[in-house]
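Worksheet: the structure to be examined is printed underneath.
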Amino acid sequence: QVQLVESGGGLAQPGGSLTLSCAASGFNLEYYTMCWFRQAPGKEREGVLCIKGSTGTTYYADSVKGRFTISKNNAKNTVYLQMNSLKPEDTAVYYCAAGHEGPYGLGPWALNGYGMDYWGKGSLVTVSS
């Protein structure tokens, strides 16, 4: 019933842009913090950006600050990751994840994956010239 499906990955050149989409079903986005994570070959999973369902507050990794933007469209049950000024080190499988905010909500620790209830299968982004 609950499903997260990423799309939009592919090949981009350094300095280029790419937008990922995460289509959610089976739950209300307004009560979930939505996050993007990534994992490069041989590296640990890294939290990229999260957006709270209740307030729209965002949390971000220093590595993508000023370059990536997270947004969502509740009517479409879709969250987006706009990636600009791409670097080769951005190459990774990008995962969409959702965590129910509960009575207190989630915080920056969501970037570590804490509180995430559902995960997508990932979408590969390759940044290379």
Side-chain angles (χ1 to χ4, degrees):
Q1 184 174 357
V2 173
Q3 191 173 21
L4 297 173
V5 180
E6 302 96 334
S7 62
L11 178 65
Q13 295 189 18
S17 298
L18 202 63
T19 299
L20 301 181
S21 298
C22 173
S25 61
F27 63 94
N28 188 347
L29 285 183
E30 296 181 4
Y31 296 100
Y32 284 76
T33 291
M34 303 297 296
C35 297
W36 287 97
F37 297 84
R38 67 184 182 185
Q39 187 166 22
K43 299 185 67 176
E44 293 292 319
R45 182 191 65 203
E46 176 188 19
V48 179
L49 274 164
C50 296
I51 183 168
K52 293 188 67 175
S54 57
T55 65
T57 300
T58 59
Y59 310 109
Y60 53 85
D62 289 339
S63 60
V64 304
K65 184 180 180 180
R67 300 189 299 120
F68 291 10
T69 303
I70 189 170
S71 62
K72 64 175 182 174
N73 187 321
N74 289 338
K76 294 183 177 180
N77 293 321
T78 302
V79 63
Y80 307 94
L81 180 65
Q82 175 65 50
M83 302 180 289
N84 299 319
S85 302
L86 284 164
K87 304 175 181 179
E89 50 262 47
D90 293 320
T91 296
V93 176
Y94 284 73
Y95 299 91
C96 178
H100 192 273
E101 295 179 348
Y104 300 103
L106 300 179
W109 58 87
L111 286 171
N112 293 321
Y114 301 144
M116 297 295 103
D117 301 310
Y118 311 115
W119 293 79
K121 294 182 178 180
S123 183
L124 177 63
V125 172
T126 301
V127 183
S128 176
S129 60

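- Taking each heavy atom of Ser129 and Pro14 in turn, the nearest pair found is N-CD, 3.6 Å.
- Hydrophobic clustering keeps Trp119 apart from Trp36 (ILVMFWY residues linked when any side-chain heavy atoms are closer than 4.5 Å, directly or through intermediates).
- Ring orientation note: the planes of Phe68 and Tyr94 are tilted relative to one another, at an angle of 30° to 60°.
- A single hydrophobic cluster is not seen to contain both Tyr95 and Val2; linkage of ILVMFWY side chains at heavy-atom distances under 4.5 Å, directly or through other members, places them apart.
- Less than 2.5 angstrom separates the SG atom of Cys22 from that of Cys96.
- Nearest approach of Gly10 to Leu18, heavy atoms of both residues: N-CD2, 3.9 Å.
- Annotation for Thr78 and Ser21: closest pair CG2-CB, 4.2 Å, computed over non-hydrogen atoms.
- Annotation: side chain to side chain contact (heavy atoms under 4.5 Å, CB included) contacts of Ser25 (sequence neighbours excluded): Gln3.
- We find the CG-SG distance between Leu106 and Cys50 to be 8.5 Å, quoted to the nearest 0.5 Å.
- By the criterion of side-chain heavy atoms lying less than 4.5 angstrom apart, applied directly or through intervening Ile, Leu, Val, Met, Phe, Trp or Tyr residues, Ile70 is not grouped with Met116; the two fall into different hydrophobic clusters.
- The salt bridge (charged side-chain N to carboxylate O under 4.0 Å, His left out) contacts involving residues 115-129 comprise nothing, where partners must be two or more places apart or lie in separate chains.
- In this structure, a donor-acceptor pair under 3.5 Å is present between the side chains of Ser17 and Asn84.
- Leu111 and Met83 are assigned to two separate hydrophobic clusters, defined by single-linkage of ILVMFWY side chains at heavy-atom distances under 4.5 Å.
- Taking each heavy atom of Ser123 and Ser7 in turn, the nearest pair found is OG-C, 4.3 Å.
- Ring-plane geometry between Tyr31 and His100 is classed as parallel, the angle between the planes falling under 30 degrees on a 0 to 90 degree scale with a further cut at 60.
- The two atoms that bring Leu86 and Gln13 nearest to each other are CB-O, 4.2 Å, heavy atoms only.
- Note that OG1 of Thr57 is 8.5 Å distant from CD1 of Ile51, once rounded to the nearest 0.5 Å.
- Pairs engaging residues 80-99 under the salt bridge (charged side-chain N to carboxylate O under 4.0 Å, His left out) rule: Arg38-Asp90, Arg67-Asp90 [sequence neighbours left out].
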Apply side chain to side chain donor-acceptor pair (under 3.5 Å) to residues Thr33 and Glu101 and explain how you reach the verdict.
CA-CA 6 Å; Thr33 291; Glu101 295 179 348; 2.8 Å; yes
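- Within a 6.0 Å sphere centred on OH of Tyr59, heavy atoms belonging to other residues, nucleotides or ligands number more than 12.
- Minimum heavy-atom separation, Val64 to Leu49: CG2-CG, 4.4 Å.
- Note that the CD atom of Glu30 and the OG1 atom of Thr55 stand 12.0 Å from one another [nearest 0.5 Å].
- Residues Phe37 and Val93 fall within the same hydrophobic cluster, defined by Ile, Leu, Val, Met, Phe, Trp and Tyr side chains chained together at heavy-atom separations under 4.5 Å.
- Of the possible donor and acceptor atoms, none in the side chain of Arg45 sits under 3.5 Å from a partner among the backbone N and O of Ala40.
- A distance-only check finds a donor-acceptor pair linking the side chain of Glu6 to the backbone of Gly122 [under 3.5 Å].
- Between the side chain of Thr91 and the main chain of Thr126, no donor-acceptor pair closer than 3.5 Å is present.
- A donor and an acceptor atom, one from each side chain of Gln82 and Thr19, are located under 3.5 Å apart.
- For Phe27, the CZ atom counts as densely surrounded, since its 6.0 Å shell holds more than 12 non-hydrogen atoms of other residues, nucleotides or ligands.
- Glu46 and Ser63 share a donor-acceptor pair across their side chains, judged by distance under 3.5 Å alone.
- Between the Gln39 side chain and the Glu44 main chain, no donor and acceptor come within less than 3.5 Å of each other.
- Without hydrogens or angle criteria, Asn112 side chain to Tyr114 main chain gives no donor-acceptor distance under 3.5 Å.
- Asn73 CG to Leu29 CG: the interatomic distance, rounded to the nearest 0.5 Å, is 9.0 Å.
- Judged by distance alone, with hydrogens and angles left aside, the side-chain atoms of Lys72 form a donor-acceptor pair with the main-chain N or O of Gly53 at under 3.5 Å.
- In this structure the side chain of Leu4 reaches within 4.5 angstrom of the side chain of Met34, judged on heavy atoms.
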